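Values below: all heavy atoms of this structure, side chains included; hydrogens, waters and symmetry mates excluded. Here the structure is a predicted model, which is why all the values come from computation and not from measurement.
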Protein chains: 2
Amino acid sequence: MGRKARVSPDRILAAAEVEFAARGFAGARVDRIARRARVNKAMIYYHFRSKQELYRALLRRMFQTIGDRLREVAASDDSPAAKIDRVVATLAELVGEHAHLPAVMLREIADGGARLDRDTLAALAALPAVVAGIVQQGVTEGAFRPVPPIFAYFAMVAPIIFYRASAPIRAEVTDLHLVDLRLTPEAFVHHMQEAQRRILAGAGPSPSRPTS
Amino acid sequence: MGRKARVSPDRILAAAEVEFAARGFAGARVDRIARRARVNKAMIYYHFRSKQELYRALLRRMFQTIGDRLREVAASDDSPAAKIDRVVATLAELVGEHAHLPAVMLREIADGGARLDRDTLAALAALPAVVAGIVQQGVTEGAFRPVPPIFAYFAMVAPIIFYRASAPIRAEVTDLHLVDLRLTPEAFVHHMQEAQRRILAGAGPSPSRPTS
DNA sequence: GTCTATACTTCGATAGAC
DNA sequence: GTCTATCGAAGTATAGAC
């Protein structure tokens, strides 16, 4: 019942992701999205009301996807340290699967969230909240030292986004023999996990030291 | 002799920085830049050849400024650990002084460096090179463990840029009582310095341990 | 749900006088 | 160096047939 009705909006969203990621909201062209989605331009305005509404729908879906994956990790019964490792790996996987996600997030932050409605903002705010929960758990169990949630979040997320989104620039810089900026995704994730462990590690080296 | 001749281009660049940071290249309007710079629009095309050339001139100047400040730190005779602290503080200062710098960098990365000419690319590539030099010095002196230069660079720069550029979104999220994402710049810098020290710290806790 | 044709607007860029 | 006036190209959005 009505399964085909979804294929058009979904193809539009997929095409929109590529276009908005590559050019930003202002630079994106509805004609190009239509062509890539192999639908008529009028269909975009039929399914979504405007370019802006299409953009919002895309962002809601993106943040929801990320949040779902992170909440999965947070809900597991792994140790806090293992959860942090998994959060880093999960974020890296997500940006690996959805190659356009980093650019969209970068642009949205640069825009100051000007086009985010309340629901989308809530979905975005849920991301640092998940990380905060894991850190809090680690602190309670004595494995982590306390750090501000938003700091832990940015220390984790920002380098991953930068690393992925900067791939074209790094490749060009390396090709021009300016500096060698190569680093495999696997090595990067490994170093990120080590870094987060070091950032969050409690004062003492012993895994479970009594607090008092 | 001819000092006044510079005031117009400089005012244009200053206005362009605001406009490009807030709206991106595609979203920026030459008319708005002209109005903000209090010059006639035709003057922009007289001093710079096009919107694109104006944008490039702006980026060159930005990366040059950052590079100069970082090279100053690298050239000092501080210890590598102290230099890392100063690099973090310097970057934080820079984005504090030039509030529009983070957004421009975010957008340029998202664009994949599409509008960077070779000179600008070289000025950008010099940034991780400076950090790499400091890390290398620390490794040689036995104070740091070896990490890939581009990793050390992103771990340092990405959170700072994100933190600054996300200020409007964080404020809105906090105001809507979704989550409390407040964190003072001073506290943020302090935590960043601590984090970088932990990431780079050599295996042993002793400051100057003989290598062999 | 789908397509064609087009109205309406905005914007980058320049011509040409001073 | 500076200003006015304007061209021409895109671009969003919709009307209306099927």
>> Rounded to whole Å, please give me the gap between NE2 in His47(B) and P in dT14(C).
In response: 16 Å
>> How many whole angstroms separate atom CD1 of Ile33(B) from atom P of dA13(C)?
In response: 11 Å
Let me have the donor-acceptor pairs involving side chains of residues 146-165 of chain B, under 3.5 Å, with sequence neighbours excluded, atom names and distances please.
residue   : atom : partner   : partner atom : Å
Tyr163(B) : OH   : Leu183(B) : O            : 2.5

> Within this structure, what is the CE-to-C1' distance between Met43(B) and dG12(C), rounded to whole angstrom?
Replying inline: 17 Å
>> Among residues at least two apart in sequence or on other chains, which ones pass ring pair (Phe, Tyr, Trp, His ring centres under 6.0 Å) with Tyr45(A)?
In response: none
All N/O donor-acceptor pairs, side-chain side in residues 125-139 of chain B, below 3.5 Å, sequence neighbours left out:
residue   : atom : partner   : partner atom : Å
Gln136(B) : NE2  : Thr140(B) : OG1          : 3.2
Gln137(B) : OE1  : Lys83(B)  : NZ           : 2.9
Gln137(B) : NE2  : Glu141(B) : OE2          : 3.0

> Roughly how many Å is it from CZ in Arg11(A) to P in dG1(C), rounded to a whole number?
Replying inline: 13 Å
> How close or far is atom P of dG1(D) from atom CZ of Phe48(B), stated in whole angstroms?
Replying inline: 11 Å
>> Without decimals, in angstroms, what is the distance between Arg23(B) CZ and dG12(C) C1'?
In response: 16 Å
> By ring pair (Phe, Tyr, Trp, His ring centres under 6.0 Å), which residues pair with Phe48(A), not counting sequence neighbours?
Replying inline: none
> Looking only at side-chain N and O atoms, does Asn40(B) come under 4.0 Å of OP1 or OP2 in dG1(D)?
Replying inline: no
>> Does the plane of the ring in Tyr55(B) sit parallel, tilted or perpendicular to the ring in Phe20(B)? Use 30° and 60° as the thresholds.
In response: perpendicular
>> Can you measure Tyr46(B) atom OH to dT2(D) atom C1' for me and round it to whole angstrom units?
In response: 9 Å
> Could you state the CG-P distance from Leu54(B) to dG12(C), rounded to the nearest angstrom?
Replying inline: 11 Å
>> At under 4.0 Å between heavy atoms, how does the protein contact nucleotides 9-18 of chain D? Give one character per nucleotide, 5' to 3', with B, S or -.
In response: --SBBB----
>> Test of understanding: with side-chain hydrogen bond (donor to acceptor under 3.5 Å, both in side chains), list the residues that count as partners of Glu72(B), not counting sequence neighbours.
In response: none
